Chemist: 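Please read through the structure below; I'll follow up with questions.
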Amino acid sequence: MMGFRLNIFLLLIAMFSTPVLSDLILARVDRRIDLTSQIVRITSSLKVENAGTDVVSEVLLALPDYQVKNLAFMKAFGSEGKGKAKSSTTSLPFTVVNPEGMPPSLTFYSVSLPKGLSKGESFTLDVFAAFTNSIRPFPEEITQADLQIVLFQDSAYYLSPYEVRVQSLAVTLPSARVESYTKLHNTKHVDSEIKYGPYEKLLPFSYSPIVIHFENDRPFAVAQQLVREIEISHWGNIQVTEHYDIVHRGAQNKGGFSRLDYQVRAHIRGSSSFRHLIARLPPRVRSVYYRDEIGNISTSHLWGDSRKTELEIEPRYPLFGGWKTAFTIGYGLPLKDFLFESGNKRFLNITFGCPIDDVVVDNLIVKVVLPEGSKDISVSVPFDVKQWQEVKYSHLDIAGRPVVVLEKTNIVPEHNVHFQVYYKFNTLSLLREPLMLISGFFFLFIACIVYLHADITISKSSASYLAKLQWDEVQAAMQQFLNIINRCLAVHAKLEASLHDLSRTGDVQSCKAARKAADGLLKELAKELKPLLAYLQSSPQAAQLWPKVEELVAKEREMQEKLMLKHSTVVDSYEKKSGGREIENRIASLQQKLVALRQDVDELLEFLDEI
């Protein structure tokens, strides 16, 4: 697929091979590609000369579209001097342009020069670019014992709309082991570096594809999403909370995983995996924590000095290609190190990107939570981001705290630069929460004093007190009533148990004795129940309960009758030596009725228990 894309690209280049821009010439191009990590970093030094008669104030840079979609960071700046004395000047602005007559498969950037170039003058322009997802594992799947081999494709010639007199390319690899690479004239491979060139007199849009297949065991750690929340408290603290979803985008791990082999020979079996990450935090951090969904993770180390703090994060398990993990780190920062004043505004000055080394972030969301009452909010970020505002409510908030949300995709360590959030805040607003607390405690103490000195007891002759006593009596009567019903149900259970004993032992006399004893108990319980029912029927407080009580009594008595009938039927059948199936047929309808009655009784008991 990549080869097909390059062929189409070369065809388009050939169609537009006639130089369109002839005023500028690149006298020399020195290019260096760094492939020592998952991020491709390309540094190009261009010596630009004006061969025309008109003054030129801009230089065009060209990138193929397949590289543009992976472009994470680009910077252009001029340089002065030569060799070790060479120094960079201020970065130069650039914008995307669409010049006429150019290949449609290219994206052009116009870099504004600090001053116009007259005829015969030259200027050295340095361009730095970082690309993600430009190195792909090949093969895409490896075992725990295999080394990770990756593939990179580019051009040995610098792609430019201008003529190039002399150019060279140096590719730096993570190790000297190279499976294969495209060999052109003037190509050298020395240790961990491949050099192409110098090449002379290259026409505009010259392109010579190269493919390098090499070993790269560096972990491809990618944060699919990183949410950083920076909460400002004017009481002296900034709280930072970062939520990570990390995946290893290197060669997928296939086959089993042996922890024993990994622990004994991790440098051989699992060399492309990673078991820890380093987060470079600001100095003087405090209250650092590291946890995931399960809880706190103790396998972390923190050390630092007055200039920096490093947090070594070790997940619960090593990460191989395709494996994922999610965790949260948090820490506090001293307010005075990051919050400053400018005129009548305050501003936060803090870093934007990911603090973990060599981690690419697919989607980064930075939330800056300002104190309640902040207004006239503005943001200064050195690159394009999506931004909007939200509101967050916390303890003792009334209107909520304004939240500035910044979002950017394809983040590399070069984005870890400072940005500023400006806002106005009235210092008197700091007193809002203390005054609310003081007022709350004051009213609480007043309420306690009123409660202790006021007589709020209920008179024993009042209607409410008498009603409460009557309801208490009804509740006590109901409790006795329910106890008696439960005792009746327990007798029913003993009758059922005697039938089970009969089927097991065939002792008819014991079964008759159990029925006689049960009948006596049920009659005694009926006598105990009679005065309670009379009281509940006559009490106005129990008027709403009485229909359910009456229904429950009727259901229980019907259960007694059906159960006694079932019992006598089974005993008679045993005396007549009837078979088991014949007995079941005779009591089938009775059993169905008993099951339905028992369900109704249970529902009524549950209803009355809740009341």
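The model shown is predicted, which means the values in this text are computed figures rather than measured ones. Worth knowing before you read on, the calculation uses all heavy atoms, side chains too, and leaves out hydrogens, waters and symmetry mates.
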Chemist: Classify the ring geometry of F383 against F352: parallel below 30°, tilted from 30° to 60°, perpendicular beyond 60°.
Modeler: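 Geometry flag for F352 against F383: perpendicular rings.
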Chemist: Looking only at heavy atoms, what is the nearest atom pair of E49 and A27, with distance?
Modeler: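 What the structure gives for the nearest pair is OE2-CB, 3.5 Å.
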Chemist: Taking D337 for its side chain and P334 for its backbone only, find out whether a donor-acceptor pair lies under 3.5 Å.
Modeler: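 No; zero donor-acceptor contacts below 3.5 Å.
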Chemist: Would you call E215 and R177 a salt bridge, taking side-chain N to carboxylate O under 4.0 Å as the test?
Modeler: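 Yes, charged N to carboxylate O under 4.0 Å.
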Chemist: Give a yes-or-no answer on whether the side chains of T328 and H243 include a donor-acceptor pair shorter than 3.5 Å.
Modeler: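 There is such a pair (donor and acceptor under 3.5 Å, judged by atom type) between the side chains of T328 and H243.
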Chemist: For this output row, return yes or no: ring centroids of F347 and Y423 closer than 6.0 angstrom.
Modeler: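 No, they do not, as the ring centres are separated by 6.0 Å or more.
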Chemist: How long is the straight-line distance from CZ of R31 back to OH of Y196, given to the nearest 0.5 Å?
Modeler: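 Rounded to the nearest 0.5 Å, the OH-CZ separation comes out at 11.0 Å.
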Chemist: If only atom types and distance count, is the side chain of S300 paired as donor or acceptor with the main-chain N or O of E312 below 3.5 Å?
Modeler: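 A pair under 3.5 Å: no.
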Chemist: Using modelled atom types only, decide if a donor and an acceptor are shared between the side chain of E372 and the backbone of G400 within a distance under 3.5 Å.
Modeler: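 Looks like yes, one N/O pair under 3.5 Å.
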Chemist: Are E58 and S112 close enough that a side-chain donor and a side-chain acceptor fall under 3.5 Å?
Modeler: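 No, no side-chain donor-acceptor pair sits under 3.5 Å.
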Chemist: Checking N50 against E121 for the side chain to side chain donor-acceptor pair (under 3.5 Å) test, could you report, in this order, the C-alpha distance in whole Å, the side-chain angles of both residues, the deciding distance, and whether it holds?
Modeler: CA-CA 6 Å; N50 186 3; E121 292 183 342; over 6 Å; no
Chemist: Set out, in order, the CA-CA distance, both residues' side-chain angles and the distance that settles side-chain contact (heavy atoms from CB on, under 4.5 Å) for L125 and L92, then state yes or no.
Modeler: CA-CA 9 Å; L125 175 66; L92 304 176; 3.7 Å; yes
Chemist: Identify whether the distance between the nearest side-chain nitrogen and carboxylate oxygen of R32 and D34 falls below 4.0 Å.
Modeler: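 No, no charged N to carboxylate O under 4.0 Å.
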Chemist: Indicate yes or no for a side-chain donor-acceptor contact from Q239 to the backbone of Y331 under 3.5 Å, with no hydrogens or angles considered.
Modeler: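 Yes: the side chain of Q239 pairs with the backbone of Y331.
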Chemist: Answer yes if the ring centres of F274 and H248 are under 6.0 angstrom apart, and no otherwise.
Modeler: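 Under 6.0 Å, so yes.
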Chemist: Would F214 and L35 count as a side-chain contact (heavy atoms from CB on, under 4.5 Å) here? Give the steps.
Modeler: CA-CA 10 Å; F214 61 99; L35 302 180; 3.8 Å; yes
Chemist: A side-chain contact here means heavy atoms from C-beta on lying under 4.5 Å apart; do L63 and L159 qualify?
Modeler: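 The answer is no; the side chains never approach within 4.5 Å.
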Chemist: Within a reach of under 6.0 Å around CG of D376, are more than 12 heavy atoms found that belong to other residues, nucleotides or ligands?
Modeler: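 Above 12, so yes.
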Chemist: Where do K345 and S378 come nearest, in terms of heavy atoms and distance?
Modeler: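 Closest heavy-atom pair between K345 and S378: NZ-OG, 3.8 Å.
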Chemist: With a 6.0 Å cut-off (strictly less than), is the heavy-atom count around CG of D191, excluding the residue itself, greater than 12?
Modeler: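 Open.
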Chemist: State, with a plain yes or no, whether a side-chain heavy atom of S160 is found less than 4.5 Å away from one of L26.
Modeler: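 S160 vs L26: side chains touch.
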Chemist: Are side-chain heavy atoms of F123 and L113 found at a separation under 4.5 Å?
Modeler: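 A side-chain contact exists here, since the closest heavy-atom pair is under 4.5 Å.
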Chemist: Could you tell me the separation between the NZ atom of K47 and the CZ atom of R28, rounded to the nearest 0.5 Å?
Modeler: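 With rounding to 0.5 Å, NZ (K47) is 9.5 Å from CZ (R28).
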Chemist: Atom CG in L370, atom CZ in F425: separation rounded to 0.5 Å?
Modeler: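 L370 atom CG to F425 atom CZ measures 10.0 Å (nearest 0.5 Å).
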Chemist: Please test D65 against S105 for side chain to side chain donor-acceptor pair (under 3.5 Å), starting from the C-alpha separation and ending with a verdict.
Modeler: CA-CA 6 Å; D65 287 345; S105 59; 5.8 Å; no
Chemist: How long is the straight-line distance from CD1 of I246 back to CG of L277, given to the nearest 0.5 Å?
Modeler: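 L277 atom CG to I246 atom CD1 measures 6.0 Å (nearest 0.5 Å).
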Chemist: Measure up the H213 and F138 rings against each other and bin them: parallel (under 30°), tilted (30 to 60°), perpendicular (over 60°).
Modeler: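 Taking F138 first and then H213, their aromatic rings stand perpendicular (interplane angle over 60°).
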Chemist: Is there a donor-acceptor pair closer than 3.5 Å between any side-chain N or O of H276 and the backbone N or O of T299?
Modeler: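 No, the answer is negative, given that no donor and acceptor are paired below the 3.5 Å cut-off.
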Chemist: Where do I135 and Q38 come nearest, in terms of heavy atoms and distance?
Modeler: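 I135 and Q38 have their closest heavy atoms at CD1-O, 4.3 Å.
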Chemist: Just verifying a value: how many Å separate L226 CG and N363 CG, rounded to the nearest 0.5 Å?
Modeler: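 It comes to 9.0 Å.
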Chemist: Mind listing the closest non-hydrogen atom pair of Y162 and L60 along with its distance?
Modeler: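 Shortest heavy-atom separation between Y162 and L60 comes out as OH-N, 2.9 Å.
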Chemist: Quick one: does N70's side chain get under 4.5 Å of V40's, heavy atoms only?
Modeler: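 Not touching, per the 4.5 Å side-chain cut-off.
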Chemist: Quick one: does any side-chain atom of K367 pair with a main-chain N or O of R228 as donor and acceptor, under 3.5 Å?
Modeler: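 Not at all, since once roles are kept as given, no pair shorter than 3.5 Å links the two residues.
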Chemist: Without swapping roles, check the side chain of Y181 against the backbone of I210 for a donor-acceptor pair under 3.5 Å.
Modeler: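 Judged by distance alone, no pair lies under 3.5 Å.
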Chemist: Using the side-chain contact (heavy atoms from CB on, under 4.5 Å) rule, take F131 and Q67 through it: C-alpha gap first, then chi angles, then the decisive distance, then the call.
Modeler: CA-CA 8 Å; F131 300 88; Q67 284 188 344; 4.0 Å; yes
Chemist: Is there side-chain contact between D217 and L147, with heavy atoms separated by less than 4.5 Å?
Modeler: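 Yes. Closest side-chain heavy atoms under 4.5 Å.
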Chemist: Would R41 and E414 pass as an ion pair if we require N to O under 4.0 Å?
Modeler: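 Looking at R41 and E414, the cut-off is met.
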Chemist: Within a strict 4.5 Å, meaning less than it, do heavy atoms of the N253 and Q144 side chains meet?
Modeler: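 Yes, their side chains come closer than 4.5 Å.
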Chemist: Any idea which heavy atoms bring V368 and V421 closest together, and the distance?
Modeler: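 Closest approach of V368 to V421: CG2-CG2, 4.1 Å.
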Chemist: Taking it one step at a time, do E242 and Y244 satisfy side chain to side chain donor-acceptor pair (under 3.5 Å)?
Modeler: CA-CA 6 Å; E242 300 172 353; Y244 291 84; 2.6 Å; yes
Chemist: Measuring only between side-chain heavy atoms, which start at C-beta, is L333 closer than 4.5 Å to V240?
Modeler: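 A side-chain contact under 4.5 Å exists here.
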Chemist: Between E229 and K392, is the closest basic N to carboxylate O distance under 4.0 Å?
Modeler: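 Looking at K392 and E229, the cut-off is met.
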Chemist: Between S374 and P371 (side chain of the first, backbone of the second, donor and acceptor by atom type, cut-off under 3.5 Å), is there such a pair?
Modeler: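 Indeed, once roles are kept as given, a pair shorter than 3.5 Å links the two residues.
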Chemist: Between Y157 and Y199, is the ring centroid distance below 6.0 Å?
Modeler: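 Yes.
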Chemist: Salt bridge between D245 and K324, side-chain N to carboxylate O under 4.0 Å?
Modeler: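 Between K324 and D245 there is no salt bridge, as every charged N stays at least 4.0 Å from the carboxylate O atoms.
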Chemist: Evaluate the side-chain contact (heavy atoms from CB on, under 4.5 Å) criterion for residues V288 and I329: first the C-alpha distance (whole Å), next the side-chain angles of each, then the deciding distance (0.1 Å), finally the verdict.
Modeler: CA-CA 7 Å; V288 181; I329 64 174; 6.0 Å; no
Chemist: Is there a side chain to side chain donor-acceptor pair (under 3.5 Å) between S45 and D126? Walk through the geometry before answering.
Modeler: CA-CA 4 Å; S45 179; D126 291 334; 3.1 Å; yes
Chemist: Evaluate whether atom CZ of R286 has more than 12 neighbouring non-hydrogen atoms of other residues, nucleotides or ligands under 6.0 angstrom away.
Modeler: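 Counting other residues, nucleotides and ligands, CZ of R286 exceeds 12 neighbours.
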Chemist: When rounded to the nearest 0.5 angstrom, what is the spacing between CG in L61 and CG in L46?
Modeler: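 It comes to 6.5 Å.
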Chemist: Would you name the heavy atoms of G353 and I411 that are closest together and state the gap between them?
Modeler: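 Nearest pair, atom of G353 first, then I411: CA-CG2, 4.5 Å.
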Chemist: Is there side-chain contact between I212 and I194, with heavy atoms separated by less than 4.5 Å?
Modeler: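 The answer is yes, as the side chains (C-beta and beyond) meet within the 4.5 Å cut-off.
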Chemist: Please determine whether a side-chain nitrogen of the Lys or Arg among D362 and R249 lies less than 4.0 Å from a carboxylate oxygen of the Asp or Glu.
Modeler: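 Salt bridge present between D362 and R249.
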Chemist: Test your reading of the model: is there a side-chain donor-acceptor pair from Q148 to the backbone of A251, 3.5 Å cut-off?
Modeler: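 Yes; at least one donor-acceptor contact below 3.5 Å.
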